[in-house]
Amino acid sequence: MDHVIEMLNIRKEFPGIVANDNITVQVKQGEIHALLGENGAGKSTLMNVLFGLYQPEQGEIRVKGEKVNITNPNIANDYGIGMVHQHFMLVEPFTVTQNIILGSEPTTKSGKINIKKAEREIQELSDRYGLKVDPTAKISDISVGMQQRVEILKTLYRGAEVLIFDEPTAVLTPQEINELIEIMRSLIKEGKSIILITHKLKEIMEVCDRCTVIRKGKGIGTVNIKDTTTNELASLMVGREVSFHTEKKKAVPGQTILEIENLLVKDARKVDLVKGLNLEVKAGEIVGIAGVDGNGQSELIEAITGLRKANSGSIKLNNKAITNLNPRKVTESGLGHIPQDRHKYGLVLDYPVAENMVLQTYYKKPYSKATVLNFKEVYDKAESLIKEYDVRTPSASTLARALSGGNQQKAIIGREVDRSPDLLIAAQPTRGLDVGAIEFIHKKLIEERDKGKAILLVSFELDEIMDVSDRIAVMFDGKIVANVTPENTNEQQLGLLMAGSQLSEAGVHNDSE
Amino acid sequence: ACGSGSDKEEKESSGDSGSSKEAANEDFSAAMVTDIGGVDDKSFNQSAWEGLQEWGKENGLEKGNGFDYAQSNEKADYIPNLNRLIRDEYDLIFGIGFELKEDLQKVAKQYPDTHFAIVDDTIEADNAVSITFKEHIGSFLVGVAAAQKTETNKLGFVGGVDSPLINKFESGFIAGAKSVNPDIEVEVEYAESFGDPAKGKIIASNMYNNGIDIIYHASGGTGNGVFNEAKDIKQNDPERKIWVIGVDRDQHEEGQIGDHNVTLTSMVKRVDVAVKNVTEQAMNGEFPGGEKLEFGLEEDAINVATTNEDAMTKEIVDSVNEWKEKILNGDVEVPQTHEELKGFIDSL
Amino acid sequence: MIDILQSLIPTVLFFSAPLIFTALGGVFSERSGVVNIGLEGLMVMGAFVGIVFNLTFADVFGSWTPWVSIIVATFIGAIFSIIHAVASVSFRANQVVSGVAINMLALGIGVYLTKQWYGKGQTDMVSEPFFRTDIPILADIPIIGPIFFQGIYVTSYIAIIFAFIAWYVLYRTPFGLRLRAVGEHPMAADTNGINVYRMRYIAVILSGALGGLGGSVFALTIVSNFSHSTIVGQGFMALAAVIFGKWHPLGAMGAALFFGLAQSLSVVSGGIPVLQDVPQVFLLIAPYVLTILALAGFIGRAEAPRANGEPYIKGSR
Amino acid sequence: MTQNNRLFGILVPVISVLLGLLAGAIIMLVSGYSPIEGYAALWNGAFGDAFTIGETIRRITPLILTGLAVAFAFRSGLFNIGAEGQVIVGWLAAVWVGLAVDAPMILHLPLVLIVAMLAGALWGFVPGLLKAKLGVHEVIVTIMMNYIALFITNEIIRNVLTEQETTTEAIPATASLASEWLQTLTFFSRMHYGILVALFAAIIMWFIVQRTTIGYELKAVGFNQHASRYAGMNVSKNIILSMVISGAFAGLAGAMEGVGTYGTISVMSGFTNLGFDGIAVALLGSNNALGVVLAAILFGVLKEGAGQMPTSAGVPTELVDIIIALIIFFVASSYIIRWFLLRFKKEGK
Ligand SMILES: Nc1ncnc2c1ncn2[C@@H]1O[C@H](COP(=O)(O)OP(=O)(O)OP(=O)(O)O)[C@@H](O)[C@H]1O
Ligand SMILES: Nc1ncnc2c1ncn2[C@@H]1O[C@H](COP(=O)(O)OP(=O)(O)OP(=O)(O)O)[C@@H](O)[C@H]1O
Ligand SMILES: [Mg+2]
Ligand SMILES: [Mg+2]
């Protein structure tokens, strides 16, 4: 038998929903097997079943042909199954080492954790697979990419033979994605098998051997990557044709909406993060900010939106200074904000969807009068947004927490776009979403642009930047280092600029000058 | 009290509940409402209950039938408890402790035909008698004893809550000590609680550390901490001469540590005597309604305990008796307040 | 100065010891993600058991009685806390609610049984409480000896030693790493194969044991008997120490010592000439005001363990 | 789903109370008392006649308010253990203004209540401010504020309101919630109009929390401060506001005692426990207004009835504490009760 893992006819229900309905997946020894499906199709659920976090209602699991009963992650570990979760399972105040050894700690004779030994072992593993980490750093201090490497090390440390990656690239920068692909290849070389969940068809085409497609909880089938195309995969997944290139007319920029001059932002430790940045966004154009995570993008957005103090410089919206105004004032000056972290900022997860839909407007008529809320208006609004933005939720009174990530994002976008702000900031608006949802969101952004709104798009996905933006501002080390148009550049050049090369070196001409 | 069900219908008008009682001595009944301390507080509640029990025994009655008590767990319980006993048609109802003053005053007005008595405070009502004690005099006498006993000429006083009643103890104690020896210093601390033994212990520890060798406490449960500390010191150093003076009851038992006893004496307040006395008067149709009775040495209601014979030497006892005479004779006017104490000391 | 220290330090130590024990229990429980408002009740239970055992078996165990008593109280405290564990870990009860119930239940049971067994609301005084002792050898060191090692309770030092042990266990052993992981990110711990429920049970039971120990030490060093007013607020002070100490064993110990110091100072300062004219009320509130000032001034923000108070439901997200 | 939830919302507390009483009966049996006599005494103690009913209502009154206080803070993620201290200062303020001001009832009584609320609010403001501005944990600060309230109040009673007395004079009728009519109706129980104030407060709480943007913001801040900031809410302001309103409810509870039940304030040698009981009431009432009212009623009935148990049935009053604690456990563990109910239902089908 060359199947390391077989999941046969798996069924898993949650109250009110069948997340997995008779799904079969068979993974061959030494392959990278993709799992593809829309948001909420049931991919994570299926993998959690394999990892012992959920018990299936029906179906069986075989490891190397032998029928097994995986009732908890320990047993999964024993069978050599390791999982890198979609939402990282890392204890933030702990160090890298502490996280990796957690649950199988080496000890000295006196029962003390043998931290030295652990660090040595981790160093060895990390050298062997090219997983660069700092074993003594705290999780809260390291980049997302390194956090992911820690997750991978966690599985390797436990001797995993089959690794499950649940959307590993959703949170990574292009460079980090390339590194990850290298890592996966070296894992395969060492005889491991990998199950990869991703929405990025390009990645599947690049690294995977086979792909199992799931649609709305049901298994659609398994295809050989060699024998298929992205278009075929996409239509298998959503059940219709999907276009990848977003159609759009040429932009007609109008007056300047957002004007940033010499913006300086420091963090709590007084380190400069945004260092004298200048930026302009005009009505009717989409400006994409390209850059590697950690070059001040988040701080820039937080400063514009009033969530963080600007130390000097000026920010003007519609010719009105909004520097260091509180978020409410900024919003009222005509700003919409799709935040990068939807769980932290975008939603009150314990509020019903409806109440989340008025998070920015609850205090205004008609949603409230003289501080008294009008629930009828709130729910009417919510229902119409849910319909218009295709938010899949049992009802408007369902808690936002219960929605899948993609639908949460659609709810936020609906809320922000619907207010029709003059400037819309979209930070990573499609992170973790399936192609159908991405297409929808891109269409919405362009629609807004065509209505004459200014859009500032921040994304680590070069595809997205190239595809949607009318103008690209490359951000590096707290400054805009280049202004280019998608027509006059390519991913290669952008990548170089993002890494800090000069324009001339990158061979691009600067459009704004 | 189990028969309360049948009483209910009749109790509509408070008027007739007590009208025919005065004469019917046979089924005279009395009951009391404790304060938060509870009936087994080893203090005045317990003592009052003992008085009532003794009276009951002498008259062939038993608890729940002729005499009873109602326990209060919090301030809010006083009124319901008083009413419960009124509904159960007790002829005389005691409220034990100054905390019941307002409530008893109120109830006495509402039920003019029931007899009431308050212990440790005074109220104005024709159907109520106020029972107070001359604690200042008892405190004076233990002050005298302490002054005789001290070797450091430093005494301590630990009060529960700073209030006129406890000030009375304090004033009497200081006056007594200074009467014997004006050079004696008395350190006064209030714990602001009758139930904080930790505080009592810290205060005592500090006092004994500062050379004070006798502490008089008038602080209820807080005093546990004082005893605890004294016994502790004694346990470690049986030679060390330190003492505690108890309050309300003879606290000899609390002072026992191995073969030693740190309780020098106690200012005994015989609430039982007063309760029994008033109950008997009421039973005989001589209820002293509206009067303010002050029990003291004369009635044998204030005492200085001499249980600890090793400590209370004959000289001390004699000296205490001497001063007792002087007080009874009217030679000494014992101060009851801080003001009076000031005057008293100045006159020494 | 030395005089003042000499009268201050021993009182600080005996006042703080029960708080330290109990607060350490709180640290374990809350580090594992189970809020423990029930510390007060656990102390009540400990005090009750400690006193009753002491009264009953003083003849059997002689001078060992207090030691056996606190061990028994520790044990019963541990068993009693299982109620909190079952409710808040297995039955997903709101942990604050369960803690409040623990407080009422302990006091109810303690006083009910006291009345049942002794026919009155409070027990007699125990004949075998803890006594102060001088620590051999150390007590003879000049200056330090009298201040720290004369006339102190051995239990005070045990409390301090326990704090260090707790620190070691929490920060140096696999058990501690797992326990803290469970309190920060239970799902991460779960995916690492750690039994979240078991860890939380253990932590809560430890808090019961330490709370019982703290309560019995309080009763046997300070009060000597049991009644409804034996433990009034000490458990809440211990809870305050847990938070004040930022959920760290040594921090909690420091906070408990700080409370002891503030209490003692408010009493001792009455004897210090400069402070003699300060109205009593200021001395009375001083310990509490000082605590607030300390928190506002330099302790500041304390982050609770991330998952503190959240029942862990396997498979939820 | 929702229908089921509503059914459980009623069934779970009812089952919990029954289980609690059953446990109480077993304890009585084991300790050699008659449960029937015990519960008869409890019933009589709470509902025996007009007097006890009046007293029961009186006892319920402040519990509703402290329950609301704790519940309100909980709604924005704050744990107000300080209701106790807020009750004390509210009580003090009510009596103080009652004594110090001379005005017709129509002005005097509202003034008294408002000042009591302000005093409680002030006591809530301090921990609120420290939490909002410095991140100091409200649990410690409120615990400390309790003691400060107790000692300062005692000092003021002794040295400002009286001359070294332990109890103030009684407030004039113009400041009083007490009513001859209610008292006559209930054979001199201390029932007063405060119950109306408390019920009105419950409606206010419900309205603020469920129907206004204030409540919307407070709850949002309780759930997710980051999202609240993102949505333009002033997180600090909301934290402070929540503690202030919470304190005001507790202060009002103090006024119930000060100008309703007692008409005076006395030096206290310990806490009133109204605030601590409020925690249990709030939690039992799952932090919503109607729940709090019902929980306060349950609490008040059991506690008032308990007073009759020692005299009529020989059962120590603490039995009621045990019963209440068990009920709280059962309600808190509703998950398991639901689970049983669901199984039961499934099998029934
Ligand atoms: N613990 C849970 N309780 C209830 N429903 C759940 C739970 N976990 C997942 N679901 C639901 O099951 C369905 C499948 O979810 P799952 O997370 O497996 O989707 P996915 O394919 O991983 O989606 P995504 O691409 O967004 O990660 C969704 O409708 C989701 O809302
Ligand atoms: N058994 C051990 N042997 C050697 N070094 C250790 C050991 N355990 C931890 N360390 C190291 O000691 C340092 C402090 O560890 P510790 O776990 O106490 O962190 P901490 O910063 O105190 O934790 P926290 O921030 O959660 O309070 C870390 O650098 C850690 O890696
Ligand atoms: Mg997923
Ligand atoms: Mg996703």
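Worth saying up front: this structure is predicted, and the values here are computed from it rather than measured. Reminder, nothing fancy here: chain letters follow the sequence lines and each chain counts from 1.
The distance between the ring centers of C/Phe48 and C/Phe80 does not fall below 6.0 angstrom.
Side-chain N or O atoms of D/Ser246 include one that pairs as donor or acceptor with a backbone N or O of D/Ala69 at under 3.5 Å. Without hydrogens or angle criteria, C/Glu184 side chain to C/Pro305 main chain gives no donor-acceptor distance under 3.5 Å. No donor-acceptor pair under 3.5 Å is formed between the side chain of C/Asn225 and the backbone N or O of C/Asp124. In this structure, C/Ser29 contributes its side chain and C/Gly25 its backbone to no donor-acceptor pair below 3.5 Å.
Contact annotation for C/Val289: both backbone and side-chain heavy atoms come within less than 4.5 Å of a heavy atom of chain D. Only the side chain of D/Ile143 has a heavy atom closer than 4.5 Å to any heavy atom of chain C. Contact of C/Val96 with chain D is made through backbone and side chain together, with heavy-atom distances under 4.5 Å. Residue contact with chain C, scored on non-hydrogen atoms closer than 4.5 Å, is absent for D/Phe330. Interface remark: C/Ser229 contributes no atoms to any contact with chain D (heavy atom separation under 4.5 Å). The contact between D/Leu319 and chain C is made by backbone and side chain atoms together, counting heavy-atom distances below 4.5 Å. D/Leu150 does not touch chain C: none of its heavy atoms, backbone or side chain, sits under 4.5 Å away. C/Leu113 does not touch chain D: none of its heavy atoms, backbone or side chain, sits under 4.5 Å away. For D/Phe271, no part sits under 4.5 Å from any heavy atom of chain C, backbone or side chain. For C/Val97, the parts sitting under 4.5 Å from any heavy atom of chain D are the backbone and the side chain alike. For C/Ser98, the parts lying under 4.5 angstrom from a heavy atom of chain D are both the backbone and the side chain. For chain C, the nearby part of D/Leu130 is the side chain; its heavy atoms alone come within less than 4.5 Å.
Rounding to the nearest 0.5 Å places CE of D/Met145 at 9.5 Å from CD1 of C/Ile285.
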CA sep, side-chain torsions, deciding dist, call: C/Thr114, C/Gln122, side-chain hydrogen bond (donor to acceptor under 3.5 Å, both in side chains): CA-CA 7 Å; C/Thr114 302; C/Gln122 56 185 340; over 6 Å; no
Using the rule given for side-chain hydrogen bond (donor to acceptor under 3.5 Å, both in side chains), can you reason through C/Asn308 versus C/Glu30, listing the C-alpha separation, both sets of side-chain angles and the distance that settles it, and then say yes or no? CA-CA 6 Å; C/Asn308 202 14; C/Glu30 302 221 337; 3.2 Å; yes
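Of all the listed residues (D/Asn159, D/Leu283, D/Val315), the one sharing the greatest number of non-hydrogen pairs under 4.5 Å with chain C is D/Leu283.
Considering all non-hydrogen atoms of both residues, D/Ser31 and C/Tyr112 come closest at OG-OH, 2.7 Å.
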